[in-house]
Structures are given as structure tokens and as C-alpha cells.
Amino acid sequence: MVDRQTLRHHRRQPSPFESTPFDDHSSRTDTDRSTSALIRRRPWLCGLIVCLWAGSLLAQVGEAPTGDFGVERVAEVPRVDPDPGFEAGLPALRAESPRNANYRIDATYDPTTKVIDGSLVLTWRNIQSTSTAELSFHLYWNAWRNDQSTWLREDWMRGRGHWTGKKVPDDAWAWQQVDSFRVGGDELPWRYIAPDDGNEDDRTVFHVDLPRAVSPGEEIEVEIDFRSKVPRTFARVGFRGDYVFAAHWFPKLGVFTDDGWVTPQFHSATEFFSDYGRYDVALTVPAGWTVGATGRLVAIEEQGETATHRFEQNDVHGFAWTASPDFISIERRFERPGLPEVDVRLLVQPDHLAQADRLFDASFAALESYGTWYGPYPYDYMTVVDPAYGSRTGGMEYPTFYTCGTRLSNPLGSGSPEGVTIHEAGHQFWYGVVGSNEFDHAWIDEGFNTFSTSRTEWVHYGPVYYSKRYFDPPGKSFGGFWRRLFPGLEWHAPTALRRRGRLSRSDSLTSDALAVPTWKHLPHEVGNLSYSKTALWLTTLERWLGWEKLQRGMSIAYRRGAYRAPTPEELFAALEEGAERDLDAFFDHVYYRSALFDYAVEKAGSRSVVPKGFIEQDDGELGLSKPDDDAEPMYRTDVVVRRHGDGVFPVDILLVYTDGNEERVAWDGEDRWHWIVREGPAKLERVVIDPDRVLLLDLDWRNNSRLMKGDRFAARAWAARWAGWVQDLFLTVGGFL
Amino acid sequence: MLGVLRAAFGQVIARPRLVVAVYVVNVLLAIPLVVAMESVLADSIGDGIYQESVRATLDGAWYSEHTGRYDTGLGSTFTPSSVLGPGAMLDNLDAWLEGKLVAVDPSVFGMVLLWAFAWLGLQGAVLERFVHGGAAGPSSFAAAALRHLGRMLQAAAIGLLAYGMLWSLVGDWVKGIDNASIDVTSEVTMLWRLAPAFVLLVLGFHLVRLVIDYTKVAAVRERSGFVLPALVRALSMIARRPLLAVLGYLVPGLLIAAWMGVWLLVAPGGASSSWVSLILTVALTQLFIIGRLVLRLFQLATAVQVYGVAADG
């Protein structure tokens, strides 16, 4: 069962449609009556059920972990509130972005052909110190034009296989066409390029030579007519029935840097990179449809069978939208002392209306935690989308706009939909406000945000329990229609511990260093490196330096990185500033190299200091030693620890003796092995390397400790419990025979 | 009908040694796997402090390492749901529903196959006892099991063929529903569309099992070498007395379902931190297993009674 403290966060007000106390009373009377009758007629059956209940309760007595294992099993619940005066000395969040890529877009979506017909006016200002006589644009949806694109080739390598082995419906493919490209009213030619892999079949980037160079500080206006065919979902973009979700749906300018244009092709495992600007977008869809998008809805104009929805937003680097006749729109205001107010709009599916409170709560939790820890959310608006069933568009972030995703059955405590909602809301900070070149550094927004998501979940909801989905028919998995919670296993704590398993069972840690541009990573390892490894090294920093210092560093990074894409080096400098120490060696291990960490106990034991064998006697002659029965026993304890990996990290070594005394030995962790010798009146009871579990990147915690008198109770107990599964399997198989 | 049920229940209650025999075989065949799993877990837990944390609860940190270490083989069958609460029952029911019981890990498959043969033999001996009153002693029980094994195998083969066709049919149907639902945007709508497939699967499964149960009874009653004539006679009996045949199968079936429902509610869900809670948990699990066995034997006894009433008038 979920403990009461956890439930406190989940409890909701009863709905007016729920039964009244009077109803409760009458039903209880009926139940009492039928129970009495059952007891009279079938006493043996009732006795059996009572025995089962009583046994079940008894079996759970004392199951809560009570022992002191010599380690901190989970960190203390972190605080939301920072220290008083936390903001002192921190840089202020800049007031606005450079606003150098501003779009005015007018587009119409035809739900019959699934085509968006649009025109845009882009005003771009060169904010670099060099001139450029060319422009470079993304046409992301051409990644799904046919199966020869770089995106789909890489997707196959990732093993995700969109539509693999299936007949692809004709309307599943997508395309983007530029019908006209004008500068100053003159039509300009353009051509496709493939700067990353030279794939001539890839059509996700196009290049335009300008008639004259754009100087630093100079502005240029570009007009583009375009059409985009919406796919059946690829990469969380697409349509299903009347539901449509469109992101990166228009020709999108790359980013001009002092090194030239950064306009990578669309890759399967990486995301996006754009300049900040102002978006003014008018979307025309069938009348009666609800539209949600980046920014604030400023007007709806009906024109017979269609309606135009106009959205505006400053200081964002993209614009996504969704439309459906089924959405239920609910608005609430986020209000917390010390934080700016945010109007939050939820577009929820009718199936999930009962979960609206949970989706708001999770979004507010992110706004509160991230806002307090790192800095305020500077936009006053946010739209949360609960995507259509089966659309595969959930769990994605766009500026001031994100998709969560839930199912009919999602019990409280399972972490869903709270986890994904917090994560995508959190991206409004690490991706939205602090941008990043996600082609090269996907780990920045994903890693920083994954770390913060776990922390926020812990603060607001407490433990998340293991759960499993059941109830699928043969022939096709629908993901299980019924989710059951297993409160016997706290599945992840603030440390995102479960992510350790993902790393240890893959070769992510050796596949690529984080410093390698993400789009060059082995595609199926991108998630492990960007999300898991980064979250784990950030948690390691938290445990090593303390939360206050890490928080300060991340807050500096957030404030300095707002409305631009800071480099990894800038982020490391901010973390060092917060930590007030040099962390170069740490970043060298976790970022520049693929270092593996694995500390282990090699040997440990105690023996009497009284020598056995020949010793010099009082008369100076050699003689066999004899135990002195009157003397206090003294023991020599030897502990040998090893560093198996090439990663170096300072660790504590905890020695616990049989008399209860403890000693912590600090080891810089540099030598390949280290020998500790102690003498004392008690024997060694246990030795634990890194007892506080600071180094979450240690691959194998099993070898981090040694009990001098261990036993196999745990293995036997769980094997005995597992016996029930085998016996039940026999019976279930027997049902067919 | 009540008389049939009372008589069937009496047959099971009056022969507790039958229950013991079936249960003992179930346990004996599970033990080698449990011993092997204990070794796997001991290795996975190691000789450090995981011994204590895993003893107190299913430590999430340990489990994440365990899954990394044992992503295939026997160790991979140790999952939180397989050891917590009613998860074992739910896992197996889910595998049953999805038709994935045949995909059980190879490390377990051999023993499952052995159980399948043992269970078929046991059913033959149990039916011999219910039908003819024979197979009273251990040796004659074993002899009856061997004697009827061929018949039971034939009946099982017919049943497996039918189940295979049923699962394949429903699987294709579900794929068709899915393809036709490519634009469905509501989970509730999807569930309604799939509901007939679920119903067909459950009804089809029990219909096949009902026929096979009566076929086994007919085969044991008449000691026929080949089961096909017994199948014909069972079908004929069902056609003559459909209500009796269905109720005779359904009532014990509902009791089995109710028993599993009770287990869903009361199965101890937590971890084991003491011998007392461990013993109680294991004891309750065994009580559940025994209950299922008793009720299945009751179902077979009811089939014998129903067949007797229908055949003997």
C-alpha cells in the first residue's frame, strides 16, 4: 500500500457525483445484512477468507526497512526552498532574448489532405561579428519523405523501426515543399545540401545564396511560401484521426555562428537548435476545433466553416501547435510566493478528464521547484497537451508548450503521468529558457532536466513504486490497459537510481564520450548517455559537493544561459563557480572521456595480533608463542580495496567493528589498490566503499562492500517467494492440458 | 445440479491424498528451479551490504543492477511482479492472455514441459480414481497415471491444436481491429472495439477446455485407446445436456476465478524482513496454490459426475 504521507500529495476533493454519506450508510447496511447471511450459511468459507486476510496482514508486519545498513539508502528529502539570501550575488535573468529570428506565419490546415499550406515572413538579424552571403534552412519533415533519409536510416540502427515490417499507409509519409523563396520581392533559387553525411537522398536542409552579404547587425527579410504534409506519427509529430500535432512544420532557419551556419540534417536521435525571436502565427483550422500552441492565444476569428487562431510569443526558439475537435480546455493560474504567476492551459482528452488535477499538479510542481531552485519562469503562459490515444505524440517539449500523456489506468504512486509531465514542464527551463544546440549537446537539456525531474518528483510526490501494465490481447501490444502498482518496491528515488541499471547493462559508458557531438553518437546509446549518465553525474556532484553548491551553480548556469545556447565549458564554469572549487578532473572523466568507475573490496579480515609461530622469548631465545589469557584481545584488521575502472574519484571507506565502533577512511581513489591496516580491540564486522553512495556512476555496487559474517537469507527468502511464480506458472500451463 | 456439485465436492474432500499427490508433484518440480534461483540471487546479491538491504526490502538499487547482470536466463525471470503480492498470478495470467506462455524463458521451459507430462499423468490417475474408484494406493495411482498418459496426451494435443487456432484467430482479429482503428483517438473506444476479441478468447478457451475435460472423462470411463471416439461421445453428451454440461464446468470455474480474485486482494505485497513474515507469506502462497489445485480437481470431479448423470441417465 502507498503510505499515508505519499497519499497526502495525491488526495483530491470528492466530486459532487461521488456517493454521499447517506449513500454510504445505506450500502453499508445492505452489506452488513448479506455478510451476516453469508456467515450463517458458509462459516467455513468466511473463516478461510478471514484467515487469508489475517495471514496477509501478519505477513506484512515489520516489512518496512528498519535496519541501519551502514549506508544512506536514499538521500534525505530535499527542500524546495533555497537558503535565505540564496539569490544574493546571482546574475539576474536577462530581460529578453536577442530576438534576431522573428517569424510571421499564416497557415491553413486541411484535415482532408493533411496538408498545411502556409506563408511566412522571416526577419533575421545577423548578431555575429562576421558577414554572411547565404542562408541555411531546415525542412525537418522531409526526414519522413521516404525511407532513404538520414533520419530513417539512423532510426533503423536505433532499433526503433518506425513502420518497420509493416505496410506503410500511403498517408503515413510526410513532405515539405518550398513553393517560393523571396528576398526583397526577388525569387531566389535554393538547393538541398547534406552537410553531415552527404546523403543525396536527404532533403532536410536547404541552402540559399543571397544576392549580397548580410553584415553584422544588419537585418534581412525573407518571404517563403510552403506546404507541409503531416505524417502519421514520426518523432512525436503527426495526425491520428482528427487530432493533429505539428512541430518544426515550417522552413526553419539554422543558426549563424562565427564559424558559419549550423544547420545539421535531421538525425533520428537528436533534436533541434534555433535562434530566439518573436512568433506571430495565425492558424486556420475547421471551426469548432480547439487549438493549442506555443504562446498565448490572442484571437479567434470564425469564417464560416473555418476559424483562425492567432498566437503570439516573444523570446522563444520555435513554434508548435496542436488541434482537435475533442480537446477539453481548462485554464488555471500558477501562484506561489516569490515566483511570477503563470497562466496554465490544459488541453485534455475527454477520457482523461478525471486526471486533469494530476496534470495541473505536476506542471505546478515543476514551475515551483525549477523556479525556486534555478530562477523564475519568465513567460506568463504555458500550454499542456494530453495527446490523443495512440498518437505517439506524448512526452515532448516545445517553447511554452508541451505534451504529457497518460492512460485510463495510471494509479497514484506509479509516477505516471506525473513524471513525464514534470519532465516536459521542466524543459521549459532547460531547453526553453536555456537553449542548447541539441544536435551537438543533447545531454545539456536532457541531462540537467532529468536530474531536476527526479528531484522534483521526490520533493512533491515522495517515492515512486514499481508498477506493471497488464491486459493486452494476443496479436498486438497496446501497452496494457490495466496498470498495477507494487508498493513493495520503491522504484526510483531522487537519485534516479534505476538509471544505473540502464547504464550497467549497455555499453553506453564506453561507446562515446559526452564531448563527442551527440548526432555522432551510436544512435541507440544516445538516450543512455544524454539522460542517464548526465543525471547520474549531476547527482554525484550533488552528493559530493552538497545541494546548496550544486543548486547555486545550476542557477548561475540558468541565469547566464537564458535565451541563448551556452557551451558546455560555460556550464562547467558556472558549476565550478557554485562549487567554489576546481572540477576539471571530474568533468574530464565524465564529459571529455568515457571513464568507467568501479571501486571494489578485494580482501578484508581481522586476526589476533598475538603472533603464531616462533617469537623471541624473555630470555632472548626463540620459542613458540603462547596466548596470554589475561590480556585484552587485540586484532589486526587488513582491508584491501581496488580501483577496477579507469575513472578516479575520492571515496570514503567505512570500517565497522564488532564492538560497534566505526571509522571512515578517506581515499583519493587514485591508486589501483589501497591497503588499510588497523589494530584494535574488536574484529572487523563490515567494510563499505562509498557508504553514502556518492559516486552513482560506480558500475557495480555489489563489490563495494563486504560483510564478515554474511548469510544467504535474502537470496533464500526471495527464491522462496519466487517459488510461487513457478508453481503458479505450472498451474497456468496446466490449464491448457 | 446441486446434487452433482455436492457429490463432486464429496469426491475431492473424501480423497485428500489426491490433493497431496498433485501438490507434492507441483512442489517437487518447482524445487530444482528454486534452488537454481537461490544461487543466482546469492551471486547477484554478493557478499556485501546488499545482503541486508535486499533482505529488508526489494532494494531498487540492487534490482536495477540485477537486471543489468541478468537480462536473460533464469535470473531474468526474477522480477518484482513475480515475487510481490499477486504479481506471479497476474504475470502468468497476462502471459496466458497474450499467448506468451510458450515464450517462457528457456531456463524454465524444460521443467514446465516435465510438469506438463506429470500433470497429464496425474489427471489420468485422478480421473481413474473418480470414475472407477481405482488407483487407491501409491503404486496403483502411479500405474493409472502411466496407463492413461497416452489418452491424456491425445486429448491435450487436440486441445492445444484448438487453442493454437483460437489464439491465432483472435490474434489476427486483433491485428485487423488495430489496423481498422488507425484513426481512433480514444482509449475507451479502443477498449470497446477490442472487447469482443477478449470475450471470444475467454469463451473460446473455456469452451475448448470444457470439451476436452469431458473427452478425458469419456476416455477414462471407456478406456478407449484412441481419444477421438471419446471426443465424439463427449460432444454428443454436451449436445444432449448442454445446460448441465456447461454448469458442471462453469460453477467450479467461477469458484477458481473467485479464489483468484480473493488472492488479488489479500496476497501479501511487501518484502520479507523476518522469518515470520517470510514463512507466513510463503504459507499463504502455498495455500493459494493448494486452493487452485483443489478447485481444479473439483472441476474434474464435477465433469465426472455430470458425464455420469448424462450417460447413465
Side-chain angles (χ1 to χ4, degrees), chain A residues 52-53 55-56 58-60 62-63 65 67 69-70 240-241 243 351 388-389 408 466 468 470 472-476 486 488-491 497-498 500-501 504-505 688 702 705-707 710 712-734 736-737, chain B residues 26 30 33-34 37-38 41-42 45-49 51-58 60-61 64 67-68 80-84 88-89 92 94 96 98-99 115 119 156 167 170-171 174-175 178 183 185-188 197 266 268-274 277-278 280-282 284-285 289 292:
Chain A
L52 274 173
W53 269 112
S56 170
L58 274 172
Q60 290 172 65
E63 282 180 344
F69 314 129
R240 184 170 170 109
Y243 167 86
D351 284 356
Y389 169 77
L408 284 173
Y466 179 82
K468 187 170 178 181
Y470 294 104
D472 254 330
K476 169 85 170 68
F486 290 91
L489 174 60
E490 279 184 24
W491 190 227
L497 278 178
R498 68 188 165 128
R500 294 185 71 252
S504 64
R505 68 170 165 265
V688 185
R702 181 182 55 166
S705 58
R706 179 82 55 89
L707 298 177
R712 293 169 76 111
F713 180 89
R716 285 176 186 150
W718 286 111
R721 296 277 293 262
W722 179 80
W725 177 79
V726 177
Q727 292 177 270
D728 191 278
L729 176 68
F730 287 168
L731 296 192
T732 309
V733 169
F736 284 96
L737 303 169
Chain B
N26 179 283
L33 288 173
V34 175
M37 177 58 83
E38 193 268 346
L41 292 180
I45 290 167
D47 52 11
I49 53 175
Q51 286 185 7
E52 294 177 340
S53 60
V54 177
R55 175 188 197 139
T57 182
L58 202 55
S64 73
T67 54
S81 56
S82 71
V83 292
L84 295 176
M89 178 187 80
N92 292 325
D94 196 53
W96 169 88
E98 293 185 49
W115 159 260
W119 173 236
W167 255 258
V170 174
V174 165
K175 282 178 196 160
D178 183 48
D183 285 317
T185 56
S186 155
E187 191 175 351
V188 173
V266 306
S272 54
S273 58
S274 68
S277 66
L278 173 66
L280 273 169
T281 302
V282 171
L284 283 170
T285 305
I289 297 288
R292 271 183 75 174

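The analysis underlying the following values was restricted to heavy atoms, covering all of them including side chains, and did not include hydrogens, waters or symmetry mates. Just so it is clear, the structure is predicted and the values come from calculations on it, not from any experiment. Within every chain, numbering begins at 1; the chains are lettered A, B, ... in the order of the sequence lines, protein sequences first and strands thereafter.
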Which region of B:Ala42, side chain (C-beta onward) or backbone (N, CA, C, O), has a non-hydrogen atom less than 4.5 Å from a non-hydrogen atom of chain A, or is it both or neither? both
Would you name the heavy atoms of B:Leu278 and A:Ala720 that are closest together and state the gap between them? CD1-CB, 4.5 Å
Any side-chain heavy atom of B:Ser81 within less than 4.5 Å of one from A:Trp725? no
Backbone N or O of A:Ala715 within a donor-acceptor pair of the B:Glu38 side chain at under 3.5 Å? no
Atom of B:Asp183, atom of A:Gly241 and distance for their closest heavy-atom approach: OD1-N, 2.8 Å
Donor-acceptor pair, distance only, cut-off 3.5 Å: does the side chain of A:Asp472 make one with the backbone of B:Glu98? no
To the nearest 0.5 Å, what is the distance between CD on A:Gln727 and CG on B:Asn26? 4.5 Å
Main-chain N/O of B:Ile49 paired to A:Ser705 side chain as donor or acceptor, under 3.5 Å: yes
Relative to chain A, which of B:Lys175, B:Met37, B:Glu187, B:Gln51 shows the most heavy atom pairs under 4.5 Å? B:Glu187
For A:Gly724 versus B:Ile289, what's the shortest heavy-atom pair and its separation? O-CD1, 4.3 Å
Steps toward salt bridge (Lys or Arg N to Asp or Glu O under 4.0 Å) verdict (B:Arg292, A:Asp728): CA-CA 9 Å; B:Arg292 271 183 75 174; A:Asp728 191 278; 2.8 Å; yes
Can you tell me how far CG of B:Asp94 sits from OH of A:Tyr470, rounded to the nearest 0.5 angstrom? 7.0 Å
Considering all heavy atoms of both residues, which atom of B:Thr185 and which atom of A:Ala388 are nearest to each other, and what is their separation? CB-CB, 3.7 Å
Quick one: does A:Arg716's side chain get under 4.5 Å of B:Leu41's, heavy atoms only? no
Least distance between heavy atoms, A:Thr732 atom then B:Asn92 atom: OG1-CB, 3.5 Å
Closest heavy-atom pair, A:Ala714 versus B:Ile45, reported as atoms and distance to 0.1 Å, is CB-CD1, 3.9 Å
Can any side-chain N or O of A:Trp718 pair as donor or acceptor with the backbone N or O of B:Val54 at less than 3.5 Å? yes
Residue B:Val282 versus chain A: region with a heavy atom under 4.5 Å: side chain
Between chain A and each of B:Ala197, B:Gly46, B:Ser82, count heavy-atom pairs under 4.5 Å; write down the option with the most. B:Ser82
Does any heavy atom of chain A fall under 4.5 Å from the side chain of B:Ser186, the backbone, both, or neither of them? both
Whether A:Trp722 side chain and B:Val83 backbone form a donor-acceptor pair below 3.5 Å: no
Heavy-atom pair count under 4.5 Å with chain A, highest-scoring of B:Ala30, B:Gly171, B:Pro80: B:Pro80
Rounded to the nearest 0.5 Å, how far apart are CH2 of B:Trp115 and CG of A:Leu731? 5.5 Å
Less than 4.5 Å apart, side chain to side chain, heavy atoms only: is that true for A:Arg721 and B:Leu84? yes
Region of B:Trp167 that comes under 4.5 Å of a non-hydrogen atom in chain A: both
Side-chain (B:Asp47) to main-chain (A:Arg706) donor-acceptor, under 3.5 angstrom: no
